[in-house]
Every structure is written in structure tokens, then in C-alpha cells.
Amino acid sequence: MALFEALDRISRRTLLTRAALIARAGLALPIARRVRADGGDSDGMMSVRVPASVVPGQRWVDVNLAEQVTVAMRGSEIVQVILVTTGQPGWETPVGRFRVGYRVADERMTSAALGIPFDSPDGYDLDHVLYTQYFTDQGHALHDNYWRPLSVFGHEATSHGCVGMVESDALFLWDFLGNGSLVNIHY
């Protein structure tokens with residue numbers, strides 16, 4: 001745990017790439033070896049089930065709430081595995097197939113938009129949330145989550161329903177996806 005506590009003190013905004021994050025932590029990304037897109041599930045591997053409507057070359061993401069992992073896909077090919085934090089109990093990330101409806105490169109997010117007073121225990125007012133891609137009209141989105149400790153990504157559901165990730169991964173998805181891209185969310 002001391003490793004994650006030390007990493008939490010490092011500003012995520014200064015970590016320019018996922019490789020830098022992994023190198024600083026002295027970690028490999030073993031989960032990348034545990035994911036496959038053939039629909040099977042054996043030898044402890046997590047699989048990405050490709051929806052029948054996906055065509056070869058289509059860019060989309062698969063969000064596995066149980067694993068706290070998002071997988072960027074091109075058709076049935078895994079492009080990148082991303083550790084995320086999703087909706088906490090009472091603020092669950094919705095399950096289903098969605099489409100990116102609109103995108104905001106840099107915005108201010110407030111709890112008032114969800115009907116939560118700023119001064120309540122669940123209240124927040126966050127400036128410069130980057131690379132936000134909304135997939136519901138209730139405010140659920142894929143985005144940078146700079147205010148959470150690094151230790152939650154891939155391990156804990158801590159959001160108010162969004163799919164949060166480190167900035168470099170949010171930028172990758174910003175460049176990879178666009179309006180109308182499929183966001184497949186499941187347990």
C-alpha cells in the first residue's frame with residue numbers, strides 16, 4: 001500500500017503517458033495479458049464479448065464494471081486496456097449499450113448539475129475536467145479523473161456514475177472515439 005500512497009502524492013497531471021505511470025510504479029500491466037476478444041473465458045482470462053452489431057474496423061469501448069476496466073476495441077481487436085473507476089453504490093454506472101452523444105474537451109463539473117448541493121458530503125465543484133465524452137443525457141461520461149488517488153483505478157468504484165481514468169487514457173479515448181461511438185457497459 002505504501003507504493004500507492006507515494007504515487008498518490010504525484011500529480012497525475014504531470015504523468016504524460018500511461019508508460020510513465022507504469023514505470024514510476026515499477027509495474028507491468030498484467031491485465032493486458034488477461035484480456036481477449038474471442039468471447040471465451042478460460043485460464044482466468046477476462047474476455048470482451050463483441051456485440052453482433054460491431055463491424056470490422058469499428059472503434060468502440062467495452063466497460064467491465066466488475067473488473068473496473070475499459071477496453072478500447074477496433075472491431076474484434078483489442079487496442080488498449082484502461083484501468084478505470086466507475087459508479088459507487090447509489091450512483092451506479094448504467095449497464096447497456098450507449099453511444100457517445102457529445103464531447104467537451106475541458107469543462108467545469110459541479111454536483112449541482114446532478115441535484116447534489118455543493119456543501120453536502122457528496123458535493124463537488126471541479127475545474128478543468130478533460131476529454132469528457134457523454135454517453136447518456138443524465139450526465140454519464142468517459143473522462144479524466146484527476147482528483148481521485150491512483151490506487152482506485154482498476155480497483156474501486158468511486159464516481160457518481162461516470163467512467164473515470166487517468167488523463168493520458170482519457171486523451172487516448174478522446175482521439176480514438178467520436179460522436180456516435182458505441183460504449184458497451186456490463187458486469
Side-chain angles (χ1 to χ4, degrees), residues 4 7-8 12-13 18 21 29 31 34-35 46-51 59-73 78 80-174 176-187:
F4 284 117
L7 284 174
D8 289 343
R12 283 179 293 253
R13 296 251 187 229
R18 181 169 206 61
L21 171 65
L29 189 57
I31 195 160
R34 293 185 12 232
V35 177
M46 183 182 88
S47 63
V48 175
R49 299 204 186 276
V50 180
R59 292 175 177 215
W60 62 285
V61 292
D62 184 82
V63 180
N64 186 317
L65 300 172
E67 297 289 333
Q68 295 293 291
V69 170
T70 293
V71 182
M73 302 287 295
I78 294 171
Q80 185 159 325
V81 178
I82 298 169
L83 302 178
V84 298
T85 184
T86 61
Q88 62 189 297
W91 295 98
E92 289 82 3
T93 302
V95 172
R97 291 189 184 142
F98 306 91
R99 299 281 175 181
V100 172
Y102 66 101
R103 301 162 18 118
V104 182
D106 183 348
E107 71 178 323
R108 180 179 179 188
M109 287 186 177
T110 67
S111 58
L114 297 176
I116 305 168
F118 173 72
D119 58 355
S120 78
D122 280 330
Y124 58 89
D125 185 355
L126 302 164
D127 254 341
H128 303 296
V129 180
L130 303 177
Y131 313 120
T132 304
Q133 301 186 76
Y134 289 95
F135 55 85
T136 73
D137 57 5
Q138 291 86 38
H140 300 100
L142 305 161
H143 62 74
D144 163 42
N145 193 325
Y146 66 84
W147 56 94
R148 293 291 185 199
L150 293 172
S151 59
V152 303
F153 298 101
H155 300 286
E156 289 180 57
T158 64
S159 81
H160 285 91
C162 288
V163 179
M165 62 206 74
V166 298
E167 182 180 339
S168 59
D169 289 332
L171 174 59
F172 170 81
L173 286 183
W174 180 264
F176 185 74
L177 301 173
N179 285 332
S181 293
L182 174 65
V183 179
N184 186 50
I185 304 175
H186 59 90
Y187 281 96

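For reference, positions follow the sequence shown, starting with 1.
Of all non-hydrogen atoms in Pro94 and Phe135, the two that sit nearest each other are CG-CE1, 4.2 Å. Residues Asp144 and Val166 approach most closely at OD1-C, 4.2 Å, considering heavy atoms. Nearest approach of Gly161 to Ser159, heavy atoms of both residues: N-OG, 3.0 Å. The minimum heavy-atom distance linking Val71 with Ile78 is given by the pair CG1-CG2, 3.7 Å. Scanning both residues, Ala170 and Leu130, for their nearest heavy atoms gives CB-O, 4.4 Å. Of all heavy-atom pairs spanning Ala157 and Gly87, the tightest one is CB-O, 3.3 Å.
Scanning for ring pair (Phe, Tyr, Trp, His ring centres under 6.0 Å) contacts around His143 gives Trp147, with sequence neighbours left out. Under the side chain to side chain donor-acceptor pair (under 3.5 Å) criterion, Thr85 pairs with Thr158, not counting sequence neighbours. Applying the ring pair (Phe, Tyr, Trp, His ring centres under 6.0 Å) criterion to Tyr124, with sequence neighbours excluded, gives His160. Among residues two or more places apart in sequence or in another chain, the side chain to side chain donor-acceptor pair (under 3.5 Å) test is passed with Asn179 by none.
Annotation: side chain of Val50 is in contact with side chain of Trp60 (closest heavy-atom distance under 4.5 Å). Here the side chains of Val63 and His186 are not in contact, with every heavy-atom distance at 4.5 Å or above. You'll find the side chain of Thr132 reaches within 4.5 Å of the side chain of Met109, heavy atoms only. By the 4.5 Å heavy-atom criterion applied to side chains, Leu173 and Met165 are counted as neighbours. By the 4.5 Å heavy-atom criterion applied to side chains, Ser181 and Phe176 are not counted as neighbours. Under the 4.5 Å side-chain criterion, counting only non-hydrogen atoms from C-beta, Gln68 is not in contact with Leu83. In this structure, the side chains of Tyr134 and Val104 come closer than 4.5 Å at one or more pairs of heavy atoms.
No option in Thr70, Val61, Asn64 other than Thr70 meets the side chain to side chain contact (heavy atoms under 4.5 Å, CB included) test with Val84.
No donor-acceptor pair closer than 3.5 Å links the side chain of Arg59 to the backbone N or O of Gly178.
Evaluation of the side-chain hydrogen bond (donor to acceptor under 3.5 Å, both in side chains) test over residues 108-123, restricted to residues two or more places apart or in two chains, returns Arg108-Asp125. Applying the side-chain hydrogen bond (donor to acceptor under 3.5 Å, both in side chains) test to every pair with at least one member in residues 89-99, sequence neighbours left out, gives these pairs: Arg97-Asn184.
Note: Asp169 CG to Leu142 CG = 11.5 Å, rounded to the nearest 0.5 Å.
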